[in-house]
Amino acid sequence: KSQREKNNEKFNLMIKAVLFDWNGVVIDDLEAVGRAECEVIVALGGKNVNINTWFEEITQDWHEFYAKYGLSHKDFGKVLPLTKQYYAKYDEYVRLTANAKFVLESLKRQDFKLGVLSSNSRSSIEYGIKKFSLGNVFDFVISGEDVTKHKPDPEGLLKAIKKFGVKGSEIVYIDDMTPIFQQATKLEMTTIGFKSKLSGEGIKQADYVCEKFEEILEVISKINSETK
């Protein structure tokens with residue numbers, strides 16, 4: 001068992017809050033994000049890059065990808081606001097992950113605190129929240145504009161702990177990419193790797209791996225039943 005699981009058993013700590021990554025987890029819009037970013041890179045003077053290459057090479061350290069395809073460091077800050085503009089062109093690729101609404105509403109009815117931590121723009125996240133009628137689900141959203149250092153830096157996780165008002169060990173963090181899991185584990189969070197088109201083998205670093213959104217309910221129920 002992990003140290004977090006041992007601590008939960010020892011101190012009877014139960015999961016009280018769930019923190020979700022957005023793109024690739026709650027929202028199945030990775031193709032929309034990727035197509036938008038490919039256009040933005042070219043618009044800022046970078047190299048032509050297609051959506052297949054984006055899926056194969058993008059990592060949680062997005063700046064590494066931008067640099068590889070010709071963007072200078074001074075242009076990195078322009079990518080997010082421009083991606084917001086191009087993203088709207090690809091609405092056909094923006095879908096809610098299967099069963100996500102059912103799971104989120106079920107967690108809310110059970111009085112879990114729910115939050116979003118994403119490197120995406122606030123306007124893009126709020127667009128999805130409005131599009132899929134999730135306005136009453138999340139207690140807060142931490143977007144790319146709300147932090148000075150993006151994932152996998154722990155700044156966003158620390159902000160989330162403060163906003164939730166609970167201990168790290170009482171939070172489940174869910175992401176489809178792996179570097180941030182190490183930071184979440186250091187903060188004693190339980191981690192769930194949610195498989196998306198961007199998830200590699202490293203997703204197995206998480207405490208649990210889910211391929212379907214409804215499995216998240218099962219994991220949280222299992223953890224809390226073991227610590228009662």
Can you name the closest pair of heavy atoms from [X] and [Y] and give their distance?
{"X": "Ile180", "Y": "Pro152", "result": "CD1-O, 3.5 Å"}
{"X": "Ile125", "Y": "Ser118", "result": "CD1-CB, 3.7 Å"}
{"X": "Phe213", "Y": "Val103", "result": "CD2-CB, 3.6 Å"}
{"X": "Trp22", "Y": "Leu134", "result": "CH2-CD1, 4.2 Å"}

Is it true that [X] and [Y] have a side-chain N and a carboxylate O under 4.0 angstrom from each other?
{"X": "Asp139", "Y": "Lys108", "value": "yes"}
{"X": "Glu145", "Y": "Lys84", "value": "yes"}
{"X": "Arg122", "Y": "Asp146", "value": "yes"}
{"X": "Lys130", "Y": "Glu126", "value": "no"}

Can you confirm whether [X] sits close enough to [Y] that some side-chain heavy atom of one is under 4.5 Å from a side-chain heavy atom of the other?
{"X": "Thr190", "Y": "Tyr208", "answer": "yes"}
{"X": "Gln205", "Y": "Gln182", "answer": "yes"}
{"X": "Glu214", "Y": "Ser106", "answer": "no"}
{"X": "Glu31", "Y": "Lys197", "answer": "yes"}
{"X": "Leu157", "Y": "Leu19", "answer": "yes"}
{"X": "Phe20", "Y": "Phe194", "answer": "no"}
{"X": "Glu170", "Y": "Phe164", "answer": "no"}
{"X": "Trp54", "Y": "Val33", "answer": "yes"}

Are the side chain of [X] and the backbone of [Y] linked by a donor-acceptor contact shorter than 3.5 Å?
{"X": "Thr191", "Y": "Asp207", "answer": "yes"}
{"X": "Lys47", "Y": "Gly70", "answer": "no"}
{"X": "Thr97", "Y": "Val26", "answer": "yes"}
{"X": "Thr83", "Y": "Ala36", "answer": "no"}
{"X": "Asn224", "Y": "Met14", "answer": "no"}
{"X": "Asp21", "Y": "Ile174", "answer": "no"}
{"X": "Glu155", "Y": "Lys149", "answer": "yes"}
{"X": "Ser225", "Y": "Ser221", "answer": "yes"}
{"X": "Lys151", "Y": "Gly156", "answer": "no"}

Taking [Y] as the starting point, is it possible to reach [X] by hopping between hydrophobic residues whose side chains are less than 4.5 Å apart?
{"X": "Ile51", "Y": "Val79", "value": "yes"}
{"X": "Val40", "Y": "Leu80", "value": "no"}
{"X": "Phe102", "Y": "Leu104", "value": "yes"}
{"X": "Tyr86", "Y": "Tyr93", "value": "no"}
{"X": "Phe55", "Y": "Ile41", "value": "yes"}

Practice item. Return yes if a side-chain donor-acceptor contact under 3.5 Å exists between Asn120 and Tyr87, otherwise no. Key: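 No donor-acceptor contact under 3.5 Å links the two side chains.
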Exercise for review: Check whether the side chains of Tyr90 and Glu39 place a donor and an acceptor atom closer than 3.5 Å, and report yes or no.
Suggested key: yes
For the [atom1] atom on [X], are there more than 12 heavy atoms of other groups (residues, nucleotides or ligands in this structure) within a distance under 6.0 Å?
{"X": "Lys89", "atom1": "NZ", "answer": "yes"}
{"X": "Glu92", "atom1": "CD", "answer": "yes"}
{"X": "Glu211", "atom1": "CD", "answer": "no"}
{"X": "Lys131", "atom1": "NZ", "answer": "yes"}

Exercise for review: Before giving the answer on salt bridge (Lys or Arg N to Asp or Glu O under 4.0 Å), spell out for Glu215 and Lys195 the whole-Å C-alpha distance, their side-chain angles and the decisive distance to 0.1 Å.
Suggested key: CA-CA 11 Å; Glu215 292 172 0; Lys195 282 194 174 182; over 6 Å; no
Separation between [atom1] of [X] and [atom2] of [Y], rounded to the nearest 0.5 Å:
{"X": "Arg109", "Y": "Glu105", "atom1": "CZ", "atom2": "CD", "answer": "6.5 Å"}
{"X": "Gln183", "Y": "Tyr173", "atom1": "CD", "atom2": "OH", "answer": "11.0 Å"}
{"X": "Ser143", "Y": "Leu117", "atom1": "OG", "atom2": "CG", "answer": "9.5 Å"}
{"X": "Ile58", "Y": "Glu64", "atom1": "CD1", "atom2": "CD", "answer": "9.0 Å"}
{"X": "Lys186", "Y": "Phe181", "atom1": "NZ", "atom2": "CZ", "answer": "15.0 Å"}
{"X": "Ile192", "Y": "Ile216", "atom1": "CD1", "atom2": "CD1", "answer": "5.5 Å"}

Practice item. Take Leu198 and Asn23 through the test side-chain contact (heavy atoms from CB on, under 4.5 Å) and record every step on the way to the result. Key: CA-CA 10 Å; Leu198 295 185; Asn23 309 96; over 6 Å; no
Check your understanding: Step by step, would you call Glu218 with Lys222 a salt bridge (Lys or Arg N to Asp or Glu O under 4.0 Å)?
Key -> CA-CA 6 Å; Glu218 297 171 13; Lys222 175 179 180 291; over 6 Å; no
Check your understanding: What class does the angle between the rings of Tyr69 and Phe65 fall in, given that below 30° is parallel, 30 to 60° is tilted and above 60° is perpendicular?
Key -> tilted
**Study point:** Plane angle bin for His63 and His150 - parallel if under 30°, tilted between 30 and 60°, otherwise perpendicular
**Key:**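 His150 vs His63 ring planes: tilted.
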**Study point:** Partner of Ser196 by side chain to side chain donor-acceptor pair (under 3.5 Å), out of Asp28, Asp175, Asp176
**Key:**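 Of all the options given, the one that passes is Asp176.
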Review point. Stepwise, does the side-chain contact (heavy atoms from CB on, under 4.5 Å) test hold for Val49 with Glu37?
Key: CA-CA 9 Å; Val49 53; Glu37 283 211 344; over 6 Å; no
